[in-house]
Amino acid sequence: MKKQLNDQVALEAAASHSYLAMASWAELAGYQGTASYFYAQSAEERDHMLRIVNYMNTIGAGAVIPKIDKPAAASFKSVEDLIETALKNEQAVTKAIHKMAQTAQKGGDYATFDFLSWFVKEQVHEEAQFEDILQKFDTIGRDGVAVNEIDKILGARNGGGGTGTAAPAAPDAA
Ligand code: FEO
């Protein structure tokens, strides 16, 4: 369980780093809405990481702060590409969370199982929001005007609280 939780700390840190690279890419490419959206996503992922660090230290499991690899920012091609990459990211995170929940349940670790339920719900929300954005490329389009429109939508979402719903509460001792 402890190894899985530490792996998750690393996964959330990598997600935060990856979204930061996406935000920076978008900013340089002139997509201000997308940039602010991904800056907010990056901050959220850091919150997720802190939740786990906090929880592990509270139960005496000793969180390990990981080294983070450099994200592949140079290979980003478009705003749609960012969203597709982010969705794949989230799907991998969901799998890892579900695996942890299974381990916790099988091991009778109900405290950790309960702790993870917030993440299970959060992943449903996160996958849905990226799927929703991806759909917009089908409905609005992929030409310059359409992508600018989607960029504005992303910027407005961020202004509305980052992910379209209330931002997660600050990490606590769980
Ligand atoms: Fe922390 Fe987006 O999963």
Side-chain angles (χ1 to χ4, degrees), residues 1-26 33-59 61 63-73 76 79-104 111-136 150 153-155 157-174:
M1 189 80 262
K2 183 176 165 179
K3 181 182 182 313
Q4 274 179 291
L5 284 165
N6 266 322
D7 286 350
Q8 194 62 30
V9 170
L11 213 54
E12 302 289 350
S16 176
H17 222 49
S18 165
Y19 293 161
L20 179 60
M22 290 181 187
S24 181
W25 179 92
T34 306
S36 67
Y37 177 77
F38 274 107
Y39 278 125
Q41 290 299 312
S42 175
E44 273 196 25
E45 297 302 342
R46 185 180 151 78
D47 273 356
H48 296 174
M49 177 191 71
L50 290 176
R51 273 178 187 261
I52 302 166
V53 168
N54 235 306
Y55 175 71
M56 291 187 76
N57 290 341
T58 301
I59 62 169
V64 177
I65 308 306
K67 172 176 175 282
I68 309 171
D69 289 337
K70 188 178 170 194
F76 296 144
V79 174
E80 187 176 10
D81 182 40
L82 296 189
I83 306 293
E84 269 171 1
T85 306
L87 177 60
K88 276 186 203 142
N89 236 348
E90 293 303 334
Q91 287 165 340
V93 169
T94 300
K95 261 192 198 160
I97 301 275
H98 288 181
K99 225 173 168 182
M100 273 195 297
Q102 266 175 3
T103 304
T112 300
F113 185 78
D114 182 58
F115 166 73
L116 290 171
S117 68
W118 182 90
F119 284 88
V120 171
K121 278 183 241 148
E122 176 69 4
Q123 284 312 116
V124 172
H125 162 68
E126 298 223 313
E127 283 195 31
Q129 69 162 337
F130 285 121
E131 278 164 3
D132 175 62
I133 299 162
L134 268 188
Q135 249 181 1
K136 295 200 186 307
I150 292 169
I153 292 170
L154 286 176
R157 274 190 189 210
N158 181 37
T163 57
T165 60
D172 54 28

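Whatever order the structure lists ligands and atoms in, that order sets their numbers, starting from 1. The structure presented is a predicted model; accordingly, all values stated were derived computationally and were not measured.
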Is a donor from one side chain sitting under 3.5 angstrom from an acceptor on the other, for E45 and Q41? no

Note, W25 side chain near T34 side chain (heavy atom, < 4.5 Å): no

Salt bridge present between D47 and R51 (N-O < 4.0 angstrom): no

Between E44 and Y39: side-chain donor-acceptor atoms closer than 3.5 Å: no

I need the protein N, O or S atoms closer than 2.8 Å to atom 1 (Fe) of ligand 1, given as residue plus atom name. E12 OE1, E45 OE1, H48 ND1

Nearest-0.5 Å distance, CD of residue Q4 to OG1 of residue T103: 3.5 Å

Does the plane of the ring in Y19 sit parallel, tilted or perpendicular to the ring in F38? Use 30° and 60° as the thresholds. tilted

